[in-house]
Amino acid sequence: MRFPQTFIDDLKRQADIVRIVQDYVTLKKAGANWVARCPFHKETKPSFSVNPSKEIFYCFGCQKGGSVFTFVMEIERVTFPEAIKIVAEKAGVPLPKMVDDSRFEARKRDSDQVVELNQWALAWWQDQLQGNAARAVRDYLKQRGITEETSQTFKLGFAPDSWEALSTHLRQKGATQEQLEKSGLVVKKEEGGSYDRFRGRLIFPVFDAQGKPVAFGGRTLDPEGEPKYLNSPETAAYTKGRHLYGLNLTRDEIRRQGFAILVEGYLDLIVPYQFGVRNVVASLGTALTPEQVKLIGRFARKVVVNYDGDRAGVQAAKRAIETILAEDIEVKVLVLPDNADPDDFIRKHGVTEYQQRRGAAQPHIQFVIDQAVRDRNLHSPADKAMAVEETLPFVRAVRNRIQKREYFDIAMDSLRVQREQRRELWHQVRGVASADTAAVQNVIGQRVRPTVAEEKLLGLLVSSDELRNIILPRLEPTDYEGLPTAEIFRALAALGKDEREISFDSLSEAAANNSTATEFLARLMMSEPAESFDESLADANSCLDALRLMKLDREIEELSSQIAEADRAGKDEERDRLAMKKLELSKQRSIYLPHGKSEN
Ligand SMILES: [Zn+2]
C-alpha cells in the first residue's frame, strides 16, 4: 500500500514545513532558518532548525533531521504512509487512491477487525473489574499497592470465571463466529464452537505504539491456577516479539530522558510508573527480539536492563545484552539486592532508593565480568580461560570501535590477562567482527578498499530517492574526498543537483574516469531498499558519522606523527601549535562518539 511518488513530491512542495512544525514546536525566525529547542532531545539552547527553502529540518544537537514527513513520523511515532496522511490533512491536500496491494489490504482489514473486537472486550472487562464478582481482584491490586488511577491508566480489567460471558457479549455487539476465532479471544473446540480463552483472570492489555489494544495477558488469581500468566495467541494484529509492554505510555519520557529501563513483567513496569519512573518498557517473558530493540532504539540509544536477580533472570539479561549490542545501543545492567524485581524493590525501599541504584547501574561489560568470575579462581589458568571465553563475546558484539577497545581493556584488566596474551585476544575480537569486511575487500580488489560505511551509505543512497533527498544536502565534499568511492559520491551529488535520474548508466557515465568506482557500481545498484525508511535514515546517518569520524581519525593520526617530529626537532612553538590543532580535532571528534566524550 503506497502513495504514488508524484503525489508525495507535490505534497512536500505544497505543505509548508514551517507551518506544520509550528503545530508541535514554537519556532523563531533566525536568518534563512527557523529555530527552536529540539523536541527530540533535552536542551537549553535551540539547536533545532527548519529551512523552508530546502524543505528540511535538522537538529545540531541530536542530529535528527529530514523532510516534513520525517518530522511527522518522528514526533507522532507513525509510519511513512501515516505521516503522509497527516501532512496532507494539515495542508488541506486531498489524498489520492493508494497504490493497491491486495494482500496487505486483506491483512490490514483482518488486523483492524481483531483490534475492534479487542476494544470491545477490553471495555467490557474494565466494566467487570468494577462489579461484585471482581472483589478479590480489586483486593489483590490493593495489596500490590496499585491505585485506582493506575488501574485506569493501564486499562486493567477482569475476565469473569465463565466459559462464554465474553463471547455472548461480543456476539451481541455484532461479532461473527469467524471473527471471534480470528481474534484469539476464544479457543476453538474440536467438535465445533468455542469458549472464552480468559476466565477468572486479571487482564493486562498490551497496546501497540499508537495505543491500540493488540493482545492481552491474563493473570490467574487462583494460587493453584495454571498457567500463572496466560497470553493472547498470535493474530493478524499481534506478532510475538514485535511489541513492548507500556511503550505507548512511556515513549515520550524515554525520549526525554535519553534512555529506557527494560524490565520483564507487567507489574515491574506498572509499579515504577505509578511511583513516577516513567521511562520503562517491559519485554514480557519471551526473549528480547531484535525487533523490540529496534523499537526502543527509535526513542533512545541507551538501555538499562533491570531483570530479576535470580539465575534465570541473569541468563535472560545476558541474552538481552547481546541483542541490544547488536543494534548498536549502549547497555547498562541494574541488579537489585536479594534478587528483588523492580516491583518488590520499589514497594519495599521506595522510589528514591531505586533511582539511586539505577544511577549506579553497571556498564554491561562489568556485569558480564562479574558473572564470569563468580565461583571461579582467576589464579587457575583453566578457570581464567573460561572466564575470558565467557566475556569476549560481549566485547565482540560492541559495534563502536572505540568503545569496543575500551571494554576490551576493562575486561583484560579485570580478568588479569597478561600483555602478550592481550594482543592475540584483541586480534581475535576484531577478527571476527571484521570477517565481512575481508570478504568485501576480496571482491573489490586489494589496493583500494572502500570501507563498510562508504559502501553501506552509497547502497542506501542509490536505493531510495527519499533518503537521497535528505542525505545529499547534508553531504559535504570533504566527507568523501580522498575515499576510493569519491567519484560516485560526486556523481550522485551532481546528478541530484540537476534532478537527473539515478541509474547505473547515468552514474557510471558521470564516474567514468575512475575504474574502481565503476567496478563497484554494479553491485551497489543491486542494493534493495530497506523495509523501514526510519531505519535506513538512521543507518545513513550513522554511516555519515562514521565517514566523518574516520576522516578526523586520519587527520589526528597525521597530526600525532607531525607533533612527534616537531618534538624531536626541538620546534616547541610548532609542536604546541600542532597540539592545539589536535586538541581541536579531538573535540570535534567527540561529537560523533555515543558517549559524547573523547578518549584520553
Ligand atoms: Zn535534537
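What's counted below: heavy atoms across the whole structure, side chains too, no hydrogens, waters or symmetry copies. Numbering of ligands and ligand atoms starts at 1, following listing order. Keep in mind that this is a model prediction, so the values were computed, not measured.
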| query | Relative to the ring of Phe57, is the ring of Phe40 parallel (under 30°), tilted (30 to 60°) or perpendicular (over 60°)? | reply | tilted
| Taking the inter-plane angle between the rings of Phe394 and His364 on a 0 to 90° scale, is it parallel (under 30°), tilted (30 to 60°) or perpendicular (over 60°)? | tilted
| said: Angle between ring planes, Phe71 versus Phe48, binned at 30° and 60°: parallel, tilted or perpendicular? | reply: tilted
| field | Electrostatic pair Arg401:Asp553 at N-O distance under 4.0 angstrom | value | yes
| Do Arg256 and Asn279 get their side chains close enough for a donor-acceptor pair, meaning under 3.5 Å? | no
| query | Protein N, O or S atoms less than 2.8 Å from the Zn ion (ligand 1), ignoring waters? | reply | Cys38 SG, His41 ND1, Cys59 SG, Cys62 SG
| said: Can you classify the ring geometry of Phe7 versus Phe3 as parallel (below 30°), tilted (30 to 60°) or perpendicular (above 60°)? | reply: tilted
